[in-house]
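Numbers here are sequence positions counted from 1.
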Amino acid sequence: MRYDISMITLDEFKNVELKVAKVLKAEPIEGSDKLLKLQIDLGSEQRQILSGIAKWYKPEDLIGRQIIVITNLQPRMMMGLESQGMVLAAGDGETVSLLAPDKELLPGSPVR
């Protein structure tokens, strides 16, 4: 299936900063069935990211995992909390899978 989206140039894609992050803490957000609050390690800093993955992942199963995140998105407020990035995942409508390196890498490693 092909989605009708605009094509971007390689230079535009290079503007997206993708990095490996390690999940330090994960917890549900009161009042939301979809969102989890993640505290992530990017090597040089820690950040909070909210992600709509609660249907597919239990908070305790995320702690210690490495994931891929977009780190140069403008912060966004959701449920009164600030999200400082975006977790990358793939899904087919029924199942969602987090994107992750297949080998252990240092937190903050760039995705190239």
Side-chain angles (χ1 to χ4, degrees):
M1 174 189 301
R2 178 165 162 75
Y3 297 102
D4 291 326
I5 58 173
S6 298
M7 301 296 281
I8 63 171
T9 67
L10 182 57
D11 286 335
E12 288 171 321
F13 178 73
K14 287 179 182 179
N15 287 330
V16 179
E17 190 175 81
L18 303 172
K19 291 187 177 182
V20 174
K22 183 174 184 176
V23 179
L24 301 174
K25 188 175 178 183
E27 58 188 90
I29 295 174
E30 189 175 328
S32 176
D33 295 335
K34 297 179 181 180
L35 292 174
L36 293 179
K37 180 171 70 169
L38 308 179
Q39 194 70 28
I40 61 164
D41 177 13
L42 289 167
S44 61
E45 65 176 308
Q46 293 183 8
R47 289 191 187 182
Q48 173 177 282
I49 294 182
L50 307 182
S51 182
I53 58 173
K55 179 178 176 183
W56 298 279
Y57 290 93
K58 294 178 183 172
E60 59 270 19
D61 294 337
L62 295 171
I63 298 169
R65 286 187 61 168
Q66 288 195 322
I67 58 176
I68 305 299
V69 298
I70 301 174
T71 57
N72 64 336
L73 284 178
Q74 289 183 354
R76 178 177 175 201
M77 296 298 292
M78 296 186 286
M79 302 291 295
L81 300 168
E82 184 176 67
S83 183
Q84 302 164 328
M86 180 183 283
V87 172
L88 294 184
D92 61 9
E94 292 184 31
T95 303
V96 166
S97 178
L98 295 174
L99 300 188
D102 67 350
K103 296 181 176 114
E104 191 81 13
L105 296 169
L106 290 173
S109 295
V111 175
R112 301 172 196 245

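The heavy-atom pair separating K22 from G64 by the smallest distance is CE-O, 3.8 Å. Residues M7 and E12 approach most closely at O-OE1, 4.5 Å, considering heavy atoms. Looking at every heavy atom in both residues, P28 comes nearest to P59 through CD-CG, 3.8 Å.
In this structure, E104 CD and S109 OG are separated by 10.0 Å, a value rounded to the nearest 0.5 Å. Interatomic distance, CZ of R76 versus CG of L50, reported as 9.5 Å (0.5 Å rounding). Atom-to-atom distance recorded for L106:CG and Q66:CD is 8.5 Å, nearest 0.5 angstrom. Expressed to the nearest 0.5 Å, how far CD of E17 lies from CG of N72 amounts to 5.0 Å.
With sequence neighbours left out, the salt bridge (Lys or Arg N to Asp or Glu O under 4.0 Å) criterion links E82 to no other residue. Residues satisfying the salt bridge (Lys or Arg N to Asp or Glu O under 4.0 Å) criterion with K37, sequence neighbours excluded, are E27. Partners of Q46 under the side chain to side chain donor-acceptor pair (under 3.5 Å) rule, at least two apart in sequence or in another chain, do not exist in this structure.
Residue pairs meeting the side chain to side chain donor-acceptor pair (under 3.5 Å) criterion with at least one partner in residues 89-103, sequence neighbours excluded, are absent.
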Residue pair L24, I63: steps toward the side-chain contact (heavy atoms from CB on, under 4.5 Å) verdict: CA-CA 6 Å; L24 301 174; I63 298 169; over 6 Å; no
Would K34 and K55 count as a side-chain contact (heavy atoms from CB on, under 4.5 Å) if you check the C-alpha gap in whole Å, the side-chain angles of each, and the deciding distance to 0.1 Å? CA-CA 6 Å; K34 297 179 181 180; K55 179 178 176 183; over 6 Å; no
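Residues V23, L38, I40, L42, I49, I53, W56, Y57, L62, I67, V69, V87, V96, L98 make up the rest of the hydrophobic cluster containing L36, defined by ILVMFWY side-chain heavy atoms closer than 4.5 Å, directly or through other members. Taking Ile, Leu, Val, Met, Phe, Trp and Tyr as hydrophobic and joining them when side-chain heavy atoms fall under 4.5 Å apart, one finds V20 in a cluster with I8, F13, V16, L18, I68, I70, L73, M86, L88, L99, L105, V111.
Electrostatic pairing of E45 and R47 counts as a salt bridge here, judged by a charged N lying under 4.0 Å from a carboxylate O.
Taking 4.5 Å as the limit, every side-chain heavy atom of P75 sits out of range of all side-chain heavy atoms of S83.
Heavy atoms of other residues, nucleotides or ligands lying less than 6.0 angstrom from CD of E60 number more than 12.
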